Visitor: 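So that we are looking at the same thing, I have put the structure below in structure tokens.
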2 protein chains.
Amino acid sequence: MSDMTFNHKECGSCPIRHRAVCARCDVDELEELDAIKYYRSYEAGQPIVWSGDRMDFVASVVTGVASLSQAMEDGRTQMVGLLLPSDFLGRPGRDAAPYDVVAVSNLTLCCFRRKPFEQMMLRTPHVSQRLLEMTLDELDAAREWMLILGRKTAREKIASLLAIIARREASLELTTAGDGMDFELPLTREAMADYLGLTLETVSRQISALKRDGVITLEGKRKVVIPDYDRLQIETGDDTDGGLMI
Amino acid sequence: MSDMTFNHKECGSCPIRHRAVCARCDVDELEELDAIKYYRSYEAGQPIVWSGDRMDFVASVVTGVASLSQAMEDGRTQMVGLLLPSDFLGRPGRDAAPYDVVAVSNLTLCCFRRKPFEQMMLRTPHVSQRLLEMTLDELDAAREWMLILGRKTAREKIASLLAIIARREASLELTTAGDGMDFELPLTREAMADYLGLTLETVSRQISALKRDGVITLEGKRKVVIPDYDRLQIETGDDTDGGLMI
DNA sequence: CGCAATTCTTGATCTGAGTCAATGCACCAG
DNA sequence: CTGGTGCATTGACTCAGATCAAGAATTGCG
């Protein structure tokens with residue numbers, strides 16, 4: 001489990017850190033959650049749960065990236081959720097995992113045993129309130145994603161994905177997201193293809209095209225530099241009112 | 001407002017009828033909800049709210065069909081939600097509508113003023129609990145839809161949509177969904193195209209193809225007969241374990 | 001009833017993305 | 001340094017679905 005040395009302080013104001021459930025929680029809940037909390041790490045590529053498995057925990061992503069995906073028997077797969085640090089995994093009140101969950105990169109989860117977590121939820125309305133908020137956010141993300149999958153061209157899809165990741169990185173690092181953003185791509189070309197409903201060859205070609213056209217710069221295969229975020233935003237095909245509306 | 005003569009009885013066990021929020025509500029809530037309840041009707045094609053509009057109500061669909069959709073400036077649009085009778089519209093705690101909501105067919109909503117509804121929610125944990133349940137269901141539906149949009153062929157998309165509607169119809173009418181299902185398509189070809197990320201021509205062609213291959217029968221343009229649900233299920237490309245897992 | 005307006009179907013052609021296949025590039029182990 | 005293994009890139013070709021363009025069927029209305 002590597003050099004995990006988390007404690008309250010590092011976790012922020014609440015054991016379910018990173019804005020996940022916290023914000024309004026008080027000390028009692030902190031201590032109560034602490035009692036049912038444990039950390040877990042996974043290697044890149046390692047499965048966390050398979051669709052249909054019983055899940056006896058809920059969790060918050062501490063570091064790394066995980067994906068939710070659905071597979072068809074013939075091998076076609078579609079990613080339906082991407083969990084970055086601060087995102088929440090699991091569904092209180094539901095036993096079975098509806099998707100395959102896989103660690104895309106090395107990953108650390110902050111887990112809570114599900115039953116006690118649910119019991120706490122029942123007693124603390126603002127926690128359920130927060131869970132509803134988070135679920136609505138996920139729903140919004142899924143629906144933005146549906147527009148991407150259904151109506152955007154391959155180039156727009158890639159631009160949209162890069163913009164989404166760039167925004168997330170910026171919001172976590174509290175960087176002013178003016179221009180000159182850069183980040184490490186947490187996904188392989190194949191994972192990006194699964195995210196966007198493309199093939200990995202098309203992903204590779206479109207990334208090359210965006211590079212050729214000066215929209216992005218690559219350092220190595222994974223490090224992306226975005227010299228002009230507004231330019232990237234235009235390539236997404238979305239409303240051009242730009243800005244980070246998180 | 002046509003011949004609306006709803007009352008508690010007709011609405012089922014709860015004013016937010018059709019399993020929407022009800023199930024576990026008690027008489028106090030019934031009466032409380034009644035005080036803030038009103039019905040509204042819309043003509044086919046009529047907009048209900050535009051993306052960004054302030055929404056001062058939440059509602060449950062009584063009859064008819066409504067769609068949630070997202071539009072790009074250049075006219076491309078993607079439907080991101082389809083509301084059939086018993087579905088819930090609106091998001092407690094959020095002011096602005098995130099999508100365009102349009103009445104696809106003639107539509108009746110059972111509305112509740114948002115503020116009092118939210119206040120009631122805060123006081124009655126099991127109602128928020130139920131809201132969370134419903135939101136998770138919507139999320140699951142959105143993610144199933146993402147697989148359809150990202151990875152299925154046009155033929156599989158049409159079959160999937162027909163299967164989804166057939167299932168819904170069956171579950172509402174409490175029909176045994178063995179074989180010989182039939183229903184009126186609540187969507188135009190164009191709306192189906194917006195749902196599935198296709199063009200209306202492709203929708204038309206694939207429906208014709210399914211008819212030619214005996215998977216479905218058409219009576220007129222809108223009435224669909226499904227002689228063998230399992231056969232349709234196979235055409236969807238999904239797990240062939242068939243059955244209605246609602 | 002007849003005429004216009006929708007909505008749907010079908011055909012011909014074009015094209016963006018998929019498929020198949022080769023090659024390139026890092027990084028690691030022996 | 002050398003062969004191997006896992007990503008990534010690039011090219012040549014194909015094809016599913018989009019686009020453009022007529023018509024046909026339904027519906028509605030004066």
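A note on names: the letters A, B, ... follow the listed sequences, proteins ahead of strands, and every chain is numbered from 1. Being a predicted model, the structure only gives us computed values, none of them experimental.
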Visitor: Are the side chain of S204(B) and the backbone of L200(B) linked by a donor-acceptor contact shorter than 3.5 Å?
Guide: no

Visitor: Give, ordered by number, those residues of residues 212-221 of chain A having at least one heavy-atom distance below 4.0 Å to an atom of DNA chain D; if nothing qualifies, reply none.
Guide: K221(A)

Visitor: Looking at every strand, decide which applies to R222(A) at a 4.0 Å heavy-atom threshold: base, sugar-phosphate, or nothing.
Guide: sugar-phosphate

Visitor: Would you kindly say whether T77(A) and S69(A) are connected by a side-chain donor-acceptor distance under 3.5 Å?
Guide: no

Visitor: Strictly below 4.0 Å, heavy-atom distances to any atom of DNA chain D: list the hits from residues 186-206 of chain A, or just say none.
Guide: T188(A), R189(A), L200(A), E201(A), S204(A), R205(A)

Visitor: For residues 148-164 of chain A, pull every pair meeting salt bridge (charged side-chain N to carboxylate O under 4.0 Å, His left out), keeping only residues two or more places apart or in separate chains.
Guide: R151(A)-D194(B), K152(A)-D238(A), R155(A)-D213(A), R155(A)-E235(A), E156(A)-R76(B)

Visitor: Measure from the side-chain N and O atoms of N106(B) to the backbone N and O of E43(B), and report whether any donor-acceptor pair falls under 3.5 Å.
Guide: no

Visitor: Can you sort out the partners of T199(B) under side chain to side chain contact (heavy atoms under 4.5 Å, CB included), two or more places apart, ordered by chain and number?
Guide: E201(B), T202(B)

Visitor: Does a side chain donor of either T135(A) or T135(B) reach within less than 3.5 Å of an acceptor in the other side chain?
Guide: no

Visitor: Which is the 5'-most and which the 3'-most nucleotide of DNA chain D that has an atom under 4.0 Å from a heavy atom of chain B?
Guide: dG17(D) to dT26(D)

Visitor: Under the ring pair (Phe, Tyr, Trp, His ring centres under 6.0 Å) rule, what pairs show up with a residue in residues 198-223 of chain A, not counting sequence neighbours?
Guide: none

Visitor: Restricting to side chain to side chain donor-acceptor pair (under 3.5 Å), what partner residues turn up for Y42(A), sequence neighbours left out?
Guide: none

Visitor: Indicate yes or no for a side-chain donor-acceptor contact from W50(B) to the backbone of A97(B) under 3.5 Å, with no hydrogens or angles considered.
Guide: no

Visitor: So, R167(B) and E144(B), do they make that salt bridge, N to O below 4.0 Å?
Guide: yes

Visitor: Tell me: CD1 of I207(B) to P of dT7(C), nearest whole Å?
Guide: 15 Å

Visitor: Which of residues 151-162 of chain A have a heavy atom under 4.0 Å from DNA chain D?
Guide: none

Visitor: Could you work out, with salt bridge (charged side-chain N to carboxylate O under 4.0 Å, His left out) as the rule, every residue matching K221(A), not counting sequence neighbours?
Guide: none

Visitor: Checking V80(B) now: which residues fulfil side chain to side chain contact (heavy atoms under 4.5 Å, CB included) with it, not counting sequence neighbours?
Guide: R143(A), M146(A), L68(B), Q70(B), Q78(B), Y99(B)

Visitor: D137(A): which residues meet the salt bridge (charged side-chain N to carboxylate O under 4.0 Å, His left out) condition with it, sequence neighbours left out?
Guide: R94(B)

Visitor: Do Y195(B) and L82(B) come within less than 4.5 Å of each other through their side chains, counting heavy atoms only?
Guide: yes

Visitor: Aromatic rings Y38(B) and F57(B): how do their planes relate, parallel, tilted or perpendicular, breaks at 30° and 60°?
Guide: perpendicular

Visitor: How sharply is the helix from dC1(C)-dG30(D) to dG30(C)-dC1(D) bent, taking the axes over five pairs at either end and rounding to 10 degrees?
Guide: 30°

